[in-house]
Every structure is written in C-alpha cells, then in structure tokens.
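Heads up, the thing below is written out as structure tokens.
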2 protein chains.
Amino acid sequence: MQDSLSQTFAALADPTRRAMLAQLTLGDANISELAQPFLDRMSLPAITKHVKVLEKAGLVVKSRDAQWRSCTLNAEALRAVADWMEQYRSFWEARFDRLDAYLKTLPKKQKSEGAKNGRQRKAK
Amino acid sequence: MQDSLSQTFAALADPTRRAMLAQLTLGDANISELAQPFLDRMSLPAITKHVKVLEKAGLVVKSRDAQWRSCTLNAEALRAVADWMEQYRSFWEARFDRLDAYLKTLPKKQKSEGAKNGRQRKAK
DNA sequence: TGCACATTATACCTATCGGTTAATTAACCT
DNA sequence: AGGTTAATTAACCGATAGGTATAATGTGCA
C-alpha cells in the first residue's frame, strides 16, 4: 500500500470503519463502545483489527486508561483526502468543467461557451 | 464490497488509478495512452484491470471507437465522496478542532452522566 | 490472592487484489 | 485472405483483507 493517501482511502473503503468514525464525531469511545453496534455481526477481535486500520491511517488516536483504550477521531488525516479531492471539484460541481474553476475566483462573469474543454482527442 | 461509497474509496486507494484519473482531467484517453506512463512497471492487462476498477466505481466511462476504447473522467462519482467528507470538514478545518466538535454537540449535553466519555477530554 | 473484565495476540481460513504470461477477440488496412 | 494493432480474457500466483475461535495480557477490585 505504501503511500499514505492510499492507506487513508483504503481505511475509508469499509462501512464498518466509516461508521466508527461517525460515532467518534460524537465523542471519544473505547473499544467496547465502538464495538457495540457491530457485535451482532462480528467478533471483538474483528473490531480491534478495524480500529487498528484506522489507527495506522492516522484517522484515530488511541490512548490508554487502565484496561480501556480511548479512541479519538483525528480528522487531520482527512485533510490530505480533501486536498486531493479539491483538484477534481470543478469537474463535478459545475457544468462548465475547467472553466468553472477559473470563474470561481472572479466576481460574477458570464460564461462563454463551455466547450473550453481541453479534452477531446480522437486525433488518431 | 457492496456499497458504492466503499467501492469508490477502494478504487481511489491505488496510486496507479489516481494517476489515471489525473491524466483524464487533461482530456479523454484510450487504454494505450493511459497505459503509457506505466508500461515500464506493469503489463497492459494490468492496466485493463485498473481501468475496469475505475469503471465499476463509475469514475470512468468507456466508449468504443473502432479498436480503441476512449476513457472519460466521470467526476460525478466523486460527489458522493465529497459529500461524505463534508461531515468531517469542521473537524479539521478549524484551528480549534476539539472545541468545534464540542460546540456542535452542545444541544445534547444531557448524556454527560451515564457515559463515562460523554464527550469530554478526560481530565487526565 | 485471585477473579473478572477489556483488549490484544495467535493461528487459521477464504476471498479478493494486483500482478503475470499466453491466448483470444475485434477492428483496420492493403 | 492475411497481417497488424488495440484491448480483453483466461489461468495462474503470492500477498493481503476480513473474518473466526481461542489463548494470552494487563488492570482493577473483593
């Protein structure tokens, strides 16, 4: 997996782990608490593994308190994802793809034909 | 993998595939063109597989033109990711992460009793 | 001292991932 | 028809992902 962006994406590519992150937005939680919604579906060691994946990706920080491990959301780790996403935002947010990125930086202006699309080829 | 958000995240969790998406922001490309930067590292069938992953995730649309398959970026598919990310933005964007998280949940402060971790940073 | 509880480690299983080589399909071009 | 090119399929491989059951670790407490 190597690079950390890939690691983060991989960590997010699982509904159980995303649900855990969602729960952590409501506050820290220890393993048992994090596990509770899933215990009808999977075992505790499975939970531990999921948490470890989140931890390695930097999305969660664990601290120990006696026999409990308190997990904290570290949303910082999502910034890299957000930054990566940003380069694509203009491609989905407006109809006039790349032009839109430019227009956003200016006061309202009118759009002249969106086909500014640098993208056709077929030049065979 | 089931859910499409997981599928999208999984598709993005590979540097080769992300590089392909990046190239597609510059314009459509067929398989050979997409493959070109990677052919010293991997074979053409490997490329085909990567493209197929992107296609199944909806990130790329393929159209055929004689023996060529023209690939187009479909950034629409990234919107679901962006929407998901949005719910975490406040957790990394503000300088006062923790405080922000706390403020957002202020209305439901009645759970402070039972839950040992209701939300507070644990005066350790 | 010793039990109960929270969590992790170990060992194992199956399925999927990312890659390979070799063969196949499909279209074009004389 | 035959050859070249673009892309895919098929069969295979080793590594990893996600899960299991069970054993081990570490801490608080009666």
Out of curiosity, A:Ile47 CD1 to A:Arg41 CZ, how far, rounded to the nearest 0.5 Å? 8.5 Å
Side chain to side chain contact (heavy atoms under 4.5 Å, CB included) filter on A:Leu39, not counting sequence neighbours, yields A:Ala35, A:Leu44
For A:Val60 and A:Leu21: C-alpha separation, side-chain torsions, deciding distance, then whether side-chain contact (heavy atoms from CB on, under 4.5 Å) applies. CA-CA 8 Å; A:Val60 155; A:Leu21 294 180; 4.0 Å; yes
What's the spacing between B:Arg69 CZ and B:Thr48 OG1 if we round to 0.5 Å? 9.5 Å
For the hydrophobic clusters of this structure (ILVMFWY residues joined by side-chain heavy atoms under 4.5 Å, transitively), does one cluster hold both B:Leu78 and A:Val81? yes
Scan for ring-ring contact (aromatic ring centres under 6.0 Å, His included) pairs involving residues 35-65 of chain B, sequence neighbours excluded, and state none if there are none. none
Sorted by number, residues from residues 36-47 of chain A placing a heavy atom under 4.0 Å from DNA chain D are A:Arg41, A:Met42, A:Ser43, A:Pro45, A:Ala46
A:Lys62 meets the salt bridge (Lys or Arg N to Asp or Glu O under 4.0 Å) criterion, sequence neighbours left out, with A:Glu55
Check the distance between C:dC17's P and A:Asp14's CG and give it to me in whole angstrom. 13 Å
side-chain contact (heavy atoms from CB on, under 4.5 Å) assessment of A:Leu12 paired with A:Leu59: CA-CA 9 Å; A:Leu12 298 176; A:Leu59 289 161; 3.8 Å; yes
Read 5' to 3' with Watson-Crick or G-U pairs under 3.5 Å, [ ] for crossing pairs and | for partners on another strand, DNA chain D gives ||||||||||||||||||||||||||||||
Quick one: side chain to side chain contact (heavy atoms under 4.5 Å, CB included) partners of B:Arg18, sequence neighbours excluded? A:Asp3, A:Leu5, A:Ser6, A:Phe9, A:Trp84, B:Pro15
In B/S/- notation, 5' to 3', how is nucleotides 25-30 of chain C contacted by protein heavy atoms closer than 4.0 Å? -SBS--
What is the distance from atom CG of B:Asn74 to atom CG of B:Leu54, rounded to the nearest 0.5 Å? 11.0 Å
B:Gln2 atom CD is separated from C:dA15 atom C1', nearest whole Å, by 14 Å
Is there a path of hydrophobic side-chain contacts, each under 4.5 Å between heavy atoms of I/L/V/M/F/W/Y residues, joining B:Trp92 to A:Met85? yes
List in numerical order all residues of residues 48-61 of chain B for which some heavy atom is under 4.0 Å away from an atom belonging to DNA chain C. B:Lys49, B:His50
Got a sec, which residues hit side-chain hydrogen bond (donor to acceptor under 3.5 Å, both in side chains) with A:Gln87, two or more places apart in sequence or on another chain? none
Nearest 0.5 angstrom please: A:Cys71 SG to A:Asn30 CG, how far? 7.5 Å
Rounded off to whole Å, could you give me the CG-to-P distance for the A:Leu12 and D:dG18 pair? 12 Å
Rounded to whole Å, please give me the gap between CG in A:Asn30 and C1' in C:dC5. 12 Å
